[in-house]
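Only one structure is covered here, and it is reproduced in the block below.
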Amino acid sequence: ISQGLLRDESGRVLLCRLTYKSEWDLPGGVVEVGESPGVGLVRELQEELGVDVTLGDLVTVNWLPAWRGWDDACIFLFDLGTVPSTWTDGLVLQPTEIAGVEWCDEPTWRAHATSAAVELLSAVTAGGVPPYREGPLAPE
């Protein structure tokens with residue numbers, strides 16, 4: 001899985017409201033077989049948001065244990081930088097996957113994001129996130 005961390009000038013994080021689950025998530029998605037995480041993220045954002053992005057540095061790789069019928073996974077989190085909040089005005093959302101996008105401050109992402117995204121954003125916000133992490137086991 002490859003996801004992007006994009007902030008606006010107020011430090012809010014961009015989250016996507018998804019059509020297939022109630023929780024919001026960072027922009028990105030599943031990398032295809034034979035596709036690099038960076039190329040996969042650029043492709044996912046072009047398909048789902050209608051934008052071309054330039055990848056920044058890799059923030060971290062976050063391993064997640066198996067959960068709700070999904071196998072374990074690695075999330076490659078890339079820094080996508082800071083843009084004006086109006087950046088979202090020109091997005092062309094893929095209606096089968098993206099219901100909308102939201103700029104979220106910490107209380108908002110804590111209330112609406114997936115548990116994996118909340119855990120990951122909490123670590124990034126605390127600072128000093130290592131290049132590789134292992135996410136906590138999911139609650140039973």
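Just so you know, these numbers use all the heavy atoms, side chains as well, and skip hydrogens, waters and symmetry mates. Keep in mind the model is a prediction, meaning the values are calculated, not measured.
Pairing each heavy atom of V61 with each of L58, the nearest pair is CG2-CD2, 3.9 Å. In terms of heavy-atom proximity, L14 sits nearest to L26 at O-CD2, 3.9 Å. When every heavy atom of G28 is checked against every heavy atom of L41, the shortest pair comes out as CA-CD1, 3.7 Å.
The side-chain contact (heavy atoms from CB on, under 4.5 Å) check on T96 picks up Q94, with sequence neighbours excluded. Residues that satisfy the side-chain hydrogen bond (donor to acceptor under 3.5 Å, both in side chains) test with Q3, not counting sequence neighbours, are D25. Residues meeting the side-chain contact (heavy atoms from CB on, under 4.5 Å) test with V42, sequence neighbours left out: V53, L55. Not counting sequence neighbours, the partners of V31 by the side-chain contact (heavy atoms from CB on, under 4.5 Å) test are S2, E35.
Evaluation of the ring-ring contact (aromatic ring centres under 6.0 Å, His included) test over residues 2-25, restricted to residues two or more places apart or in two chains, returns W24-H112.
Using a 4.5 Å cut-off on side-chain heavy atoms (C-beta onward), R7 and R12 make no contact. A heavy-atom distance below 4.5 Å is found between the side chains of V101 and L49. When side chains are defined from C-beta on, E97 does not count as touching E47, because their heavy atoms never get closer than 4.5 Å.
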Quiz: residues 72-87 side-chain donor-acceptor pairs under 3.5 angstrom, not counting sequence neighbours:
residue: D72; atom: OD2; partner: W63; partner atom: NE1; Å: 3.0
residue: D79; atom: OD1; partner: G81; partner atom: N; Å: 2.7
residue: S85; atom: OG; partner: E9; partner atom: OE2; Å: 3.1

